[in-house]
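Quick note on labels: first sequence line is chain A, next is B, and so on, each numbered from 1. Values below: all heavy atoms of this structure, side chains included; hydrogens, waters and symmetry mates excluded.
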Number of protein chains: 2
Amino acid sequence: MPVTIYDVAREAGVSMATVSRVVNGNPNVKPLTRKKVLAAIERLGYRPNAVARGLASKKTTTVGVIIPDISSLFFSELARGIEDIATMYKYNIILCNSDQRMEKELQLINTLLEKQVDGLLFLGAEVKEEHLQALTSTSVPTVLAATRDADNVLPSVSIDHFQAAYDATEALVSRGHKRIAMISGPPNDPLSGLMRYEGYKKALNDGGIELDEKLVATGNYFYESGLATTKAFLALAEPPTAIFAANDEMAIGAIHAIQDSGLNVPDDIEVIGHDNIRLVEMVRPRLTSVVQPMYDIGAVAMRLLTKYMNNENVEEHVVLLPHRIEFRESTKPQQA
Amino acid sequence: MPVTIYDVAREAGVSMATVSRVVNGNPNVKPLTRKKVLAAIERLGYRPNAVARGLASKKTTTVGVIIPDISSLFFSELARGIEDIATMYKYNIILCNSDQRMEKELQLINTLLEKQVDGLLFLGAEVKEEHLQALTSTSVPTVLAATRDADNVLPSVSIDHFQAAYDATEALVSRGHKRIAMISGPPNDPLSGLMRYEGYKKALNDGGIELDEKLVATGNYFYESGLATTKAFLALAEPPTAIFAANDEMAIGAIHAIQDSGLNVPDDIEVIGHDNIRLVEMVRPRLTSVVQPMYDIGAVAMRLLTKYMNNENVEEHVVLLPHRIEFRESTKPQQA
DNA sequence: ATAGGCCGTAAAAACGATTGCATCGATATA
DNA sequence: TATATCGATGCAATCGTTTTTACGGCCTAT
């Protein structure tokens, strides 16, 4: 029913091969012939079948993206970076939510490989041996975004979480705080969880402050957990005077818990978040936060993937993007 | 290089056809044969090629989704609803951002059709004649989500924006307000922009309140525009005592503008937002908002699409999901 | 005993492109 | 003039499946 390349060929009085050449911009076609073919295409309303093309050429111009949760403020921003660069390079994106469940992640990898994607972008928390196995068992290029595998065997794009957390904590230390709490992520999250916690510990240590276990709570990255853990902090005999949260949502929860108890941010307690999602501008006081360039991570990861798909040579396969702290009103201006 | 159905057939000592039957769960295979084939598949690590399958069967189990901006809180939630139902019905999603630019939207429709998607989900603001033409020129089922075309020719899933805005405004009227401002969306957005404005007008009228043009501002759905327009309201000789914003981000901007000027929400000015995104719980005071069930809209739209793709009979092709107002602290408790 | 059915399977024709190779005329070279 | 070169095009194999058709064998009903 639909018009095929064969119909166009007949209409234009040439062979399928020539039509294919015209469609694909192959220069080996006489201008006049090209014009005839183009006219026939127009007349018939021909639309190339990408599936047939994919079968014949073994390229689908499609890449698979496995993402924990597209509805998350953090990942949706990242996804946008991916998509924009993909568009720029004429790729389409098959988007899949994994909810960080390994079983689902592995199954998605398989499905995407069945669909013959030209490349794979994996975003998530932990990259385990099983992932590595599934991802390296194929020749399809893969890039990790906002995460890394322990041995850096796969290409990846992320920031230095340890250093970022160190910097945030250090900013608090240098402001003279002695009781600095941290709302950390789950410890089974190696980067945003564990690494940030390690950075926090190191900064305390370098500042000559002894770690107080009671000032460390584990959250799940959601607002509510920031609220709850901070309430517990405030009930302590010696509550903290500063809080570093492993992400912004929890930090905002912390601010509200503090405000709800009648205290003031930043006068009574200073708060620093992490990631610098758009939300940080939409609360009062606006939240000081470690900038993690989500959009850029996505964009750079996708760009990197295009290089692999083109068999271009890649100098450094583990890229760490710069981070910085954006100071706002949830921390006091730095004393001179 | 990769193992094909032919390799499996040889390994199992059967024909390709039989392997295909096994893979596709066709019951016409003797159990013993099936077992042999399964064993061969396992042994060889066979992974069916979905592209070849798509070419032969004319089904790709993939649907295209055109979305204005995946990084928006609103649309990412919707996308999640789509994806979850898609997964449930074994479809994958090709996700494309349109930024509401018609040229890009039309081009995306074309690209997705080239890729032979089994169905199309279109989310956006305005559905113009050009869209309709592009979408109906093909036999690929299409469903609109969170929007509608003027003549309801295409299936769609949304809420009654007019009524929703009416209800929100009416709630303010019934609280005794006489000066109720609205921060509306762009007027070229027929539903979230125009319809909500119409609902507002009607509610004022029914409440015997004369429309004051100075109390109507046009925003762009972003926080900053809520902030800016509200500042202007407050500079009025007779500022409003209540504000209805066409979406939550602008409403939160309004709250902050009010607070920044030293006034109190809700004591001095009450504020109602629209959409009930997750943000509304993360500000103080928490925002009263019209609940637009984004996730459900996505889910229902995708479900509807599956019916069309299956040639099932569909009773009602324009579905309006229910809305309601979730009252929080940005409005005062209703007087008895 | 024979015709008719049914089951399980094989064979082969699509599906709609890409692409290596052959061809062919024309121009350039010797 | 004969030959090498080259640009433009056609031919046909190929990509890895699905699906239609046909067929052999076995069972059952008459």
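- OP1 or OP2 of dT18(C) sits under 4.0 Å from a side-chain N or O of N24(A).
- Contact annotation for V51(A): no contact, since no heavy-atom pair falls under 4.0 Å across all strands.
- The closest side-chain donor-acceptor pair between R47(B) and N110(A) falls under 3.5 angstrom.
- A donor atom on one side chain and an acceptor atom on the other are found under 3.5 Å apart for S20(B) and N24(B).
- Rounding to the nearest 0.5 Å places OG of S15(A) at 8.5 Å from CD1 of I5(A).
- The residue S20(B) sits close to a base: some heavy atom pair falls under 4.0 Å.
- Nucleotide dA12(D) holds its P atom 12 Å from the CE atom of M16(A), rounded to whole Å.
- The base of dG10(D) sits within donor-acceptor range of the side chain of R21(A), with an N or O pair under 3.5 Å.
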Kindly list each side-chain donor-acceptor pair under 3.5 angstrom involving residues 69-83 of chain B, sequence neighbours excluded, with atom names and distances?
residue : atom : partner : partner atom : Å
D69(B)  : OD1  : R80(A)  : NE           : 2.9
D69(B)  : OD1  : S71(B)  : N            : 2.9
D69(B)  : OD1  : S71(B)  : OG           : 2.9
D69(B)  : OD2  : S71(B)  : OG           : 3.1
S72(B)  : OG   : F74(B)  : N            : 3.1
S72(B)  : OG   : F75(B)  : N            : 3.0
S76(B)  : OG   : S72(B)  : O            : 3.0
S76(B)  : OG   : L73(B)  : O            : 3.3
R80(B)  : NE   : D69(A)  : OD1          : 2.9
R80(B)  : NH1  : D84(B)  : OD1          : 2.4
R80(B)  : NH1  : D84(B)  : OD2          : 3.2
R80(B)  : NH2  : D99(A)  : OD1          : 2.2
R80(B)  : NH2  : D99(A)  : OD2          : 3.1
E83(B)  : OE1  : N97(A)  : N            : 3.4

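- Projected onto DNA chain C by closest heavy-atom contact, G13(B) and S57(B) fall at different nucleotides, the more 5' of which corresponds to G13(B).
- Residue-environment remark: CD (E312(B)) exceeds the threshold of 12 foreign heavy atoms within 6.0 Å.
- A straight line from CZ of R53(B) to P of dC15(D) spans 19 Å, rounded to a whole angstrom.
- Of all nucleotides listed (dA10(C), dA8(D), dG16(D)), dG16(D) comes nearest to the side chain of A52(B).
- A side-chain donor from one of T62(B) and K115(A) sits under 3.5 Å from a side-chain acceptor of the other.
- For T18(A), no side-chain nitrogen or oxygen approaches OP1 or OP2 of dA8(D) to under 4.0 Å.
- Between the CG atom of D7(B) and the P atom of dG16(D) there is a distance of 9 Å, given to the nearest Å.
- Across all strands shown, N49(B) has heavy atoms under 4.0 Å from sugar-phosphate atoms exclusively, and none from any base.
- For the OP1/OP2 pair of dG16(D) and a distance below 4.0 Å, the side-chain nitrogens and oxygens of K58(A) include at least one atom meeting the criterion.
- Remark: N313(A) CG is loosely packed, at most 12 non-hydrogen atoms of other residues, nucleotides or ligands lying under 6.0 Å away.
- Closest to the side chain of T4(B), from the set dT17(D), dA10(C), dA17(C), is dT17(D).
- In this structure, L113(A) places its CG atom 16 Å from C1' of dG16(D), rounding to the nearest Å.
- Of all nucleotides listed (dT17(D), dT9(D), dA10(C)), dA10(C) comes nearest to the side chain of A17(B).
- When the C1' atom of dA26(C) is taken as reference, atom NZ of K30(A) falls 11 Å away, rounded to whole Å.
- Legend: residues meeting salt bridge (Lys or Arg N to Asp or Glu O under 4.0 Å) with E316(B), ordered by chain and number and at least two apart, are absent.
- Taking atom CG of residue N28(A) and atom P of nucleotide dG10(D), one finds them 13 Å apart after rounding to whole Å.
- Scanning residues 34-42 of chain A for heavy-atom distances under 4.0 Å to DNA chain D yields an empty list.
- Distances shorter than 4.0 Å separate none of the side-chain N or O atoms of Y6(B) from OP1 or OP2 on dA11(C).
- Relative to the side chain of A56(B), the nucleotides dA10(C), dG16(D), dA8(D) differ in distance, and dG16(D) lies closest.
- A straight line from NZ of K115(B) to P of dC15(C) spans 23 Å, rounded to a whole angstrom.
- Listed pair S15(A) / dG10(D) meets the phosphate criterion, a side-chain N or O lying under 4.0 Å from OP1 or OP2.
- Protein atom NZ of K59(A) is 20 Å distant from nucleotide atom P of dT14(D), rounded to whole Å.
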